[in-house]
Amino acid sequence: MVSDVVEIPCVEGPLDSRDAWVRLDDDGVPPAYLDQSWMWVEYGSELLDADVDGVYALEPIAGAGPPWRYLWIPNSRPRRTT
């Protein structure tokens, strides 16, 4: 069975205001997270100057339009202040 591909908007982060094209699983659900590996495969050199230290997390949304969006969640590593 070939999975359907859907277009899901990205909010904030390096792909803000762009759409991610992802495959749905057998239950019709997109991946829960898009990580750095996915971003590099899909966007490669377009992200050379972007901060990709984080993930896009799938978030359901209500109302008209697509039923999901990907929201950027940066890694929250403590910064050294030495």
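Hydrophobic clustering (side-chain heavy atoms under 4.5 Å, transitive across Ile, Leu, Val, Met, Phe, Trp, Tyr) keeps Val11 apart from Val22. Connection of Leu47 to Val41 is not established within any shared hydrophobic cluster, with ILVMFWY side chains joined at heavy-atom distances below 4.5 Å, either directly or through further cluster members. Placement of Val52 and Leu34 within a single hydrophobic cluster is found when ILVMFWY residues are connected by side-chain heavy-atom separations under 4.5 Å, directly or transitively. In the hydrophobic cluster analysis, where Ile, Leu, Val, Met, Phe, Trp and Tyr join through side-chain heavy atoms closer than 4.5 angstrom, Val55 is grouped apart from Leu71.
Note that CG of Asp4 is 5.5 Å distant from CG of Leu24, once rounded to the nearest 0.5 Å. Between the CD atom of Glu12 and the CD1 atom of Ile73 there is a distance of 10.0 Å, given to the nearest 0.5 Å. From Cys10, atom SG reaches atom CG of Asp16 across 8.5 Å, with rounding to the nearest 0.5 Å.
The nearest pair of heavy atoms linking Pro30 to Tyr70 is CB-OH, 3.7 Å. The nearest pair of heavy atoms linking Pro14 to Met39 is CG-SD, 3.8 Å. Residue Arg69 comes nearest to Ile8 through the heavy atom pair CA-CG2, 3.5 Å, listed as atom of the first residue, atom of the second, then distance.
The ring pair (Phe, Tyr, Trp, His ring centres under 6.0 Å) pairs that include a residue from residues 28-57 are Tyr56-Trp72, where partners are two or more places apart or lie in different chains.
A donor-acceptor pair under 3.5 Å is absent between the side-chain atoms of Asp27 and the main chain of Val29, judged by distance alone.
Between Arg18 and Glu46 there is a salt bridge, since at least one side-chain N of the basic residue sits less than 4.0 Å from a carboxylate O of the acidic one.
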